[in-house]
There are 2 protein chains.
Amino acid sequence: MRQPTMRDVAKAAGVSPATVSRVVNDERYIRPETRAAVERAIAELGFHRNEIARTLRPGQAANTVALVIEDPGNPFWSAIIRGAEQIARRHRHMLVVGSTGQDYDQERDLLRDLVRRRVDGLLVVPTAHDHVDLHHELAGRVPMVFIDRVPPGVPADSVVLDSFGGAQRAAAHLISAGYRRIAYLGGDPAVHTGAARQAGYRQALADAGLPCDPALISLGNHTVEDAARSAAALLTAPVNADAVFADNNRICVGVLHAAAAHGEVGIAGFDDVELVDLLPRPVALITYDAVELGRQAATLLFDRIGGSTADVRRLVLPTTLVHRGRRS
Amino acid sequence: MRQPTMRDVAKAAGVSPATVSRVVNDERYIRPETRAAVERAIAELGFHRNEIARTLRPGQAANTVALVIEDPGNPFWSAIIRGAEQIARRHRHMLVVGSTGQDYDQERDLLRDLVRRRVDGLLVVPTAHDHVDLHHELAGRVPMVFIDRVPPGVPADSVVLDSFGGAQRAAAHLISAGYRRIAYLGGDPAVHTGAARQAGYRQALADAGLPCDPALISLGNHTVEDAARSAAALLTAPVNADAVFADNNRICVGVLHAAAAHGEVGIAGFDDVELVDLLPRPVALITYDAVELGRQAATLLFDRIGGSTADVRRLVLPTTLVHRGRRS
DNA sequence: AACTTCTCTGTATACGTTCTCAGAAACTCA
DNA sequence: TGAGTTTCTGAGAACGTATACAGAGAAGTT
């Protein structure tokens with residue numbers, strides 16, 4: 001399956017490879033008959049310019065940016081893909097999506113591989129682990145924008161959500177609805193958003209003068225099933241929580257499953273979740289524009305690729321508290 | 001931001017570029033001190049081998065396969081991504097994901113771009129339009145496997161779901177539950193799965209001796225909102241459907257929204273949908289292993305990349321009818 | 001008519017890597 | 001000690017493309 005080259009096209013059209021290159025790049029100064037002959041040869045042979053070889057020339061960009069996320073199955077990340085893709089397309093760049101599955105080794109391999117392939121820029125959701133040295137090293141070699149989480153001390157742009165504010169508002173809502181024993185269900189405590197959201201939750205409790213019972217805090221819930229198990233435990237004796245704040249959409253789904261077996265339970269969560277509005281119970285959710293998150297990050301990236309040397313920028317996107325679900 | 005090259009490393013280590021290449025590729029016959037010197041220089045300069053240049057050499061594969069899907073936001077496609085990625089990783093290949101958004105022009109541009117970048121193979125969910133010539137042309141140049149939809153007449157492997165059988169079973173279930181005016185809500189009628197599912201639905205009606213009222217058929221529902229509007233119309237006069245079969249997960253969500261405003265409505269749908277099991281109404285769903293779909297397709301692809309010249313293979317994955325939701 | 005400018009095309013080189021070839025040094029075995 | 005083998009390294013040629021340079025012919029200008 002060897003692909004035809006410009007040399008093959010040149011031979012077929014009876015011209016030099018340089019002329020073929022000129023036709024392909026639509027340059028001036030080509031006799032119409034020559035152009036026609038070359039185009040005929042291209043069509044006949046089914047020639048596709050080898051973009052790999054083209055990129056090798058100095059000054060030729062790969063016209064590719066990469067997005068490294070955790071799991072494309074989560075609607076949060078896939079919305080970011082859509083946003084980033086919109087902007088990449090606008091800049092006539094190809095978007096390569098890779099996923100890490102929360103595994104640092106995979107993130108490292110993937111990022112190295114992308115740099116080796118000389119992508120023009122990287123959009124990265126770092127895994128939890130603080131291997132700042134890798135990010136630091138790469139940030140110096142290729143334009144890079146961090147999404148949702150910011151490795152401390154790495155000089156690169158970033159776009160995150162207002163995790164603290166959102167969580168604080170969600171918890172405050174539960175308090176004002178009369179709940180007093182509000183549990184917090186989180187994922188990996190090393191993830192920065194988790195820390196920020198837990199802090200917001202604590203702040204809301206403190207603002208209301210409520211004590212923060214450590215028994216109400218559950219961390220390390222990585223899957224829907226983890227969260228369902230943890231929530232079930234928290235909602236029964238001896239903890240007896242009367243409400244739950246879910247750190248993210250996966251955890252929220254797990255909590256909803258667990259809560260189905262209980263009566264009155266206050267539920268709030270970070271991230272929007274589809275179909276929650278049809279559930280027979282009220283649920284408060286912190287929502288935001290995830291597509292915009294991807295767009296903003298990509299916009300920052302292309303600004304850097306374009307040569308911007310502005311100071312490091314840290315965007316924080318606002319969140320909104322919405323009320324889903326219905327009183328049954 | 002020029003990246004250091006092997007030449008730079010060679011100069012820094014006081015050896016020739018060939019020796020650097022040998023160290024990087026971990027070849028035999030290198031003096032330990034030489035190796036150490038080169039490795040020191042690599043670390044010092046932060047050298048990353050240029051994979052682009054490497055791929056240019058004849059016989060060197062890009063070690064990249066691409067997956068072209070419609071929309072990464074739909075859990076159906078993202079599950080396929082996961083499956084394909086598992087297999088790609090196992091074969092030490094990078095997986096590039098591109099999306100077409102159901103737009104044929106984008107699919108064409110994307111596929112051309114991928115071929116130009118000399119990916120080793122393509123996993124493609126073709127858009128609805130029957131531009132078979134493009135697929136035919138590309139299938140001759142690069143190993144290709146079609147997922148979920150099969151362009152007619154293109155000599156390439158494919159993996160699809162048992163759409164006909166699944167739809168038939170779902171419709172038969174609604175009939176056996178006593179419903180008689182069962183509506184069919186579909187998307188783009190040019191999509192092959194849609195045609196197969198509608199055929200399965202009609203077969204079930206025919207098997208039960210039920211007439212097939214054209215007023216019960218609604219096509220062209222591309223979004224959740226489209227489906228909700230269509231379903232609302234079908235469930236009221238003059239059509240007065242008493243049940244709905246939803247062609248895919250997006251449509252099913254729309255139907256669920258519309259049905260919330262009605263009393264007793266029989267609902268069945270193709271694809272699984274999260275949280276449906278917590279809804280206060282029974283819903284029958286046709287489920288399957290979407291991750292396995294991606295795995296099977298990638299496995300076929302790597303088999304071809306490995307040089308297999310077996311006859312064209314067409315895998316059909318089975319589906320299961322499950323009962324979600326609860327009687328309220 | 002001589003000169004300049006414009007149009008068109010080919011030759012040759014470079015991009016960063018791998019790999020063949022070849023040569024030098026060190027080791028083995030008679 | 002001499003011939004053969006193994007270990008190590010460098011020079012140089014590709015891979016497919018883009019481009020600087022040069023050159024030739026045509027057209028325009030003085």
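Chain letters run A, B, ... following the sequence lines, proteins first and then strands; every chain starts at 1.
Residue order along DNA chain C, read from the 5' end via each residue's closest nucleotide, puts A:Tyr29 first among A:Tyr29 and A:Gly14.
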(message) So if I define the base as every atom that isn't primed, P, OP1 or OP2, how would nucleotides 15-24 of chain D read as a B/S/- string at a heavy-atom cutoff under 4.0 Å?
(response) BBBBB-----
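Side-chain N/O atoms of A:Gln3 and B:Arg118 include no donor and acceptor closer than 3.5 Å. Checked by atom type, the side-chain pair A:Thr100/A:Glu70 shows no donor-acceptor distance below 3.5 Å. Side chains of A:His48 and B:Glu137: a donor-acceptor N/O pair is present below 3.5 angstrom, by distance only. No side-chain N or O of A:Asp71 forms a donor-acceptor pair with one of A:Ser99 less than 3.5 Å apart. Remark: the B:Arg22 side chain and the B:Thr34 side chain contain no N/O donor-acceptor pair separated by less than 3.5 Å.
Taking the six-membered ring where the residue is Trp, B:Phe146 and B:His135 present perpendicular rings, their angle passing 60° and hence far from 30°.
Of the inter-residue distances, the one linking B:Leu95 atom CG with B:Arg82 atom CZ reads 13.0 Å to the nearest 0.5 angstrom.
Ion pairing of A:Arg49 with A:Glu51 is present here, as a side-chain N (NZ or NE/NH1/NH2) and a carboxylate O approach within less than 4.0 Å.
Within residues 30-44 of chain B, the residues having any heavy atom under 4.0 Å from DNA chain D are, by residue number, B:Ile30, B:Arg31, B:Thr34.
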